[in-house]
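Here the structure comes first, spelled out in structure tokens, and everything after it is commentary.
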Amino acid sequence: MSSSPSRSGVFKAGSDKRLEAFGQSISFDHRLYQQDIRGSIAHARMLSKQNLITADEFQQIEKTLREIEGEIQRGEMEFRFELEDIHMHIESRLIERLGDVGRKLHTARSRNDQVNTDVRLWVRDAIDRVDKLLVQLQKAFVGRCEQDIDVILPAYTHLQRAQPVLAPHYWLAYVEKYARDRSRLADCRRRVNVCGLGAAACAGTSLPIDRKATADELGFENVARNSIDVSSDRDFVLETAFVLAMIAEHLSGWAEEWILWSTVEFNFIKLPHAFCTGSSIMPQKVNPDTLELTRGKSARVLGNLQTLMVLVKGLPLAYNRDLQEDKPPMFDSFDTVEACLELAIPIVEQSTLQRDSIASRLDQGYLDATALMEHLIRRGMPQRSAHHLVGTLVGMAQEAKIPLSDLTDEQLRKADPSLDGSVRGVLGVEKAVQAYQSFGSSNPDRVREQVQYWRQQLQ
Ligand code: ARG
């Protein structure tokens with residue numbers, strides 16, 4: 001049996017060791033120590049301005065908290081389950097050092113608003129880190145566009161060859177996805193950037209605190225309006241976890257695509273060997289483990305979102321101890337996504353397209369069929385008729401195992417008397433790509449404009 005600082009005189013017994021081990025969060029929330037100290041200093045400064053502690057007491061508290069920060073940084077603080085979490089570890093050490101002065105820090109504060117504030121500070125920084133990594137990844141894709149501008153790739157729908165596109169059209173598709181992720185992160189950040197400190201346990205306090213002052217010192221944009229809400233609120237964790245899940249999904253889809261592209265069957269891309277592994281028994285193998293793990297780790301990030309959603313489901317107002325369980329999945333989602341992004345960047349930068357292999361098979365799969373159909377539409381044929389006619393031509397070419405451009409004049413006329421050899425002028429992937437016109441299409445001029453656009457955006 002032992003006694004923790006949160007147990008008041010009401011307790012007639014110390015806590016059971018099993019509860020201490022069961023209820024501790026120090027094993028994971030020690031990661032909040034810098035945020036906790038920053039929050040405590042802001043709180044103490046406000047208490048002194050409000051004459052709730054003296055200026056001298058504040059100075060002692062600030063100095064000692066900074067020293068404690070150093071102790072934790074250097075790994076000198078021993079973590080003990082009976083002190084439960086990082087908040088009590090820091091406060092207990094302060095009291096050990098300062099006695100009664102240390103006992104004043106928790107004036108007009110509860111761990112409920114303290115945890116909420118620390119997590120917000122941590123998530124705000126973590127969002128900024130992820131955003132920086134997303135920019136680097138976007139730059140890696142945009143950086144490839146120039147060198148790959150002349151490479152035509154098949155675009156797929158249903159993983160069946162569909163229409164030809166320029167390689168940079170693919171790269172910029174990923175840039176767009178990460179741009180949406182960044183905008184989602186920025187949107188979350190606005191709601192993260194609200195200060196709950198001063199909400200105390202759930203109802204506010206009768207002491208004359210200044211919540212605006214602490215919010216300003218901590219760089220928060222707003223002060224949370226409702227103390228019960230603050231004590232219970234983890235929306236900002238959940239929505240951030242959703243954005244991280246979205247990023248993980250985007251990474252996973254890309255990883256899957258490049259895993260396929262790196263196979264002998266596709267042979268579109270060569271991955272950098274520094275990010276691949278070999279096989280102990282098959283000497284020829286170069287395995288895309290980094291991409292496989294990126295795809296695999298997305299499962300954890302999606303699972304974390306699920307955990308968090310279920311965690312807060314059905315909790316009555318206000319704080320419930322369940323909320324302590326939010327940190328492991330939250331940290332894990334950030335750690336996993338950051339690790340995946342850090343590896344995705346060099347892979348995107350260093351992989352090389354297998355130009356010859358790609359080019360040698362571009363006449364397979366009738367990638368130019370739609371171009372021919374649109375040519376016939378331009379000549380006045382109704383779309384449905386043109387669609388049917390080109391389907392017939394593809395059938396004939398498939399039977400003869402030849403591309404559309406190798407159909408003879410006679411075969412063309414047989415399919416439709418209005419057809420002649422002139423339609424060959426629109427066939428082939430290069431011409432099909434040149435023929436695109438619409439905004440957002442893979443027309444080389446449009447693609448160059450988009451590359452330019454992203455270059456400027458990411459400067
Ligand atoms: N370790 C707890 C957590 O992380 C601290 C908050 C405890 N609050 C309380 N009312 N018991 O959520």
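Every heavy atom of this structure was used, including side-chain atoms; hydrogens, water molecules and symmetry mates were not. In listed order, ligands and their atoms are each counted from 1.
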- Query: Between Phe141 and Trp454, does the ring centroid distance fall short of 6.0 Å?
  - Reply: no
- Query: Which atoms from ligand 1 have a heavy atom of Ser25 less than 4.0 Å away?
  - Reply: 1 (N)
- Message: Under a plain distance cut-off of 3.5 Å, with no hydrogens placed, do Glu257 and Tyr174 share a side-chain donor-acceptor pair?
- Response: yes
- What residue and atom, counting heavy atoms only, is the protein's closest point to atom 2 (C) of ligand 1, and at what distance? Gln324 OE1, 3.2 Å
- Give a yes or no on whether the ring-centroid distance for His89 and Phe79 is below 6.0 angstrom. yes
- Atom indices of ligand 1, in the order listed, that fall short of 4.0 Å to a heavy atom of Glu84: 1 (N), 2 (C), 5 (C)
- Task: Please report which non-hydrogen protein atom sits nearest to atom 11 (N) of ligand 1, along with the residue it belongs to and the distance in Å to one decimal place.
- Result: Arg111 NH2, 3.7 Å
- Note on the structure: For atom 5 (C) of ligand 1, the closest protein heavy atom turns out to be Asp85 OD2, 3.1 Å
- Query: Are any of the side-chain nitrogens in Arg189 or Asp128 under 4.0 Å away from the carboxylate oxygens of its partner?
  - Reply: yes
- Location of contacts on Asn112 toward ligand 1, heavy atoms closer than 4.0 Å: side chain
- Find all atoms of ligand 1 within a distance of less than 4.0 Å from any non-hydrogen atom belonging to Lys327, and give their numbers and elements. 4 (O)
- Please state which protein non-hydrogen atom is closest to atom 3 (C) of ligand 1 and give its distance, to 0.1 Å? Tyr319 OH, 3.3 Å
- With a 6.0 Å cut-off on ring centres, are Trp258 and Tyr170 close enough? no
- Using distance alone, with no hydrogens and no angle criterion, decide if Gln324 and Arg321 have a side-chain donor and acceptor under 3.5 Å apart. yes
